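In what follows, every heavy atom counts, from backbone to side chain, and hydrogens, waters and symmetry copies are set aside. Since the model is a prediction, treat every value here as computed from it, not as a measurement.
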Protein chains: 2
Amino acid sequence: MAKEKRRSDCPINFALEIFGDRWTLLVVRDMMFKGKHYYSEFLKSEEGIATNILAQRLLTLEESGLVVKKNDPQHGSKFIYKLTKKGIDLVPVLADMIGWSAKYDPLSAADQEFIRYLNTDREGLIKTTSDLLLKKIDE
Amino acid sequence: MAKEKRRSDCPINFALEIFGDRWTLLVVRDMMFKGKHYYSEFLKSEEGIATNILAQRLLTLEESGLVVKKNDPQHGSKFIYKLTKKGIDLVPVLADMIGWSAKYDPLSAADQEFIRYLNTDREGLIKTTSDLLLKKIDE
DNA sequence: CTGTATCCTTAGGGATACTG
DNA sequence: CAGTATCCCTAAGGATACAG
């Protein structure tokens, strides 16, 4: 967890060093498309992330500035995790990944409405999704 | 390397199981944006991939159908690696990753012309890049 | 509920030597 | 040149227990 020297200044490498692993983007997905905000909600996702891994990824997501952790006024002792603008700006990347998988994965469980929206009005989809998330930042 | 059971049918998970690691997309990047086609060219990239890792990733990329390996008629004993349509269809994902990193990485070495093209005419950029790569398939 | 801590196993990966 | 094969070490990750 100590800060490692980056391997290069290539933008693809920069992105990979933040979310180039098999768990980080699943947590982002949960916040981005499934409206999840709580630790216990992430834990319940079907891929079955381990509690120590989840805690670790939430921490690095926070350190990278993609996520903020706040005390949740509503639920008292609970914490709430939200995407920042920097995190929300990954909507296009995730959306395109979904589109690609929907095209090539025979078993894809992608939401068909989402895919049609993506294919007919990508800009609109991204704006709608992003605006919804941006509004949540200040709640 | 044995086929593992997938963790879920989520499209994001599908994508991550193919290229959700710290090396695969760097190899794809080399083919997609740097015009690299040979093993030795990938080895030379500045991130310094190890030879065993490179061989392994090229194999899984082939198995996933993103890359094809052919004997290179020009160079005799050499092999040439090319992106397939399935691989080329990742251009939007990589392009958006580059755009995101260029925005948030202070040290980003992203090509400025590329970024301006991306921000002013994303569709055009994707089409130009993809068409170029598609033409190579049958060479 | 939200994590830490621990233990243990496996996968990832660097270095290097070697083969067709 | 294009890999394989080793060796060895570290990081990733699963299971489970426990603490604030």
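If you measure from atom CD of Glu41(A) to atom P of dT2(C), you get 9 Å, rounded to the nearest angstrom. Between the NZ atom of Lys44(A) and the C1' atom of dC1(C) there is a distance of 11 Å, rounded to whole Å. Distance, Gln56(B) CD to dA2(D) P: 19 Å, rounded to whole Å. As rounded to whole Å, 13 Å separates atom C1' of dA12(D) from atom CG of Asp21(B). In this structure, the CD1 atom of Ile53(B) is 16 Å from the P atom of dT10(D), given to the nearest Å. In this entry the distance linking CD of Glu17(B) with P of dA11(C) reads 14 Å, nearest Å. To the nearest angstrom, C1' of dC1(D) lies 13 Å from CG of Leu54(B). Regarding Ile80(A), its CD1 atom lies at a distance of 11 Å from the P atom of dT2(C), rounded to whole Å.
Using a 4.5 Å heavy-atom threshold, the side chains of Val67(B) and Val27(B) count as separate.
For Tyr39(A), the side-chain atoms get nearest to dT2(C) when compared with the rest of dT2(C), dG14(D), dA2(D). For Lys78(B), whose side chain is taken as the heavy atoms from C-beta onward, the closest listed nucleotide among dT4(C), dC1(C), dC1(D) is dC1(D).
Each of Tyr38(A) and Arg7(A) lies near DNA chain C, and the nucleotide nearest Tyr38(A) is the one positioned closer to the 5' end. Judged by closest nucleotide on DNA chain C, Leu43(A) is the one of Leu43(A) and Ile49(B) placed further toward the 5' end.
Grouping the Ile, Leu, Val, Met, Phe, Trp and Tyr side chains by contacts below 4.5 angstrom, directly or via other members, places Leu61(A) with Leu134(A). In terms of hydrophobic clustering, with Ile, Leu, Val, Met, Phe, Trp and Tyr side chains grouped at heavy-atom distances under 4.5 Å, Ile80(B) and Leu54(B) are assigned to different clusters.
At a threshold of 4.0 Å, the pair Asp131(B)-Lys135(B) does not count as salt-bridged, since none of the basic side-chain nitrogens sits closer than that to a carboxylate oxygen. Between Arg122(A) and Glu123(B) there is no salt bridge, since no side-chain nitrogen of the basic residue lies less than 4.0 Å from a carboxylate oxygen of the acidic one.
Applying the 4.0 Å criterion to OP1 and OP2 of dA12(D), one finds that Arg57(A) has every side-chain N and O outside that range. Residue Lys69(A) has no polar side-chain atom (N or O) positioned under 4.0 Å from OP1 or OP2 of dT2(C). For dA12(D), neither phosphate oxygen OP1 nor OP2 lies less than 4.0 angstrom from any side-chain nitrogen or oxygen of Trp23(A). The phosphate of dA11(C) has neither OP1 nor OP2 within less than 4.0 Å of any side-chain N or O from Arg22(A).
Bending across the helix from dC1(C)-dG20(D) to dG20(C)-dC1(D), expressed as the angle between its end axes from five pairs apiece, amounts to 50° (10° rounding).
With sequence neighbours excluded, the residues that form a side-chain contact (heavy atoms from CB on, under 4.5 Å) with Ser108(B) are Pro11(A), Ala102(B), Asp105(B), Ala110(B). Remark: Lys86(B) engages Trp100(A), Tyr104(A), Leu66(B), Thr84(B) in a side-chain contact (heavy atoms from CB on, under 4.5 Å) (not counting sequence neighbours).
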Per-nucleotide protein contact string for nucleotides 15-20 of chain C, where B marks a base within reach and S marks sugar-phosphate only (heavy atoms under 4.0 Å, - for neither): BB----

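The list of ring pair (Phe, Tyr, Trp, His ring centres under 6.0 Å) pairs with a residue in residues 108-130 of chain A, not counting sequence neighbours, reads Phe33(A)-Phe114(A). Residue pairs meeting the salt bridge (charged side-chain N to carboxylate O under 4.0 Å, His left out) criterion with at least one member in residues 51-61 of chain A, sequence neighbours excluded, are Asp21(A)-Arg57(A).
Counted by atom type alone, Ser45(B) and Lys34(B) present zero donor-acceptor pairs between their side chains at under 3.5 Å.
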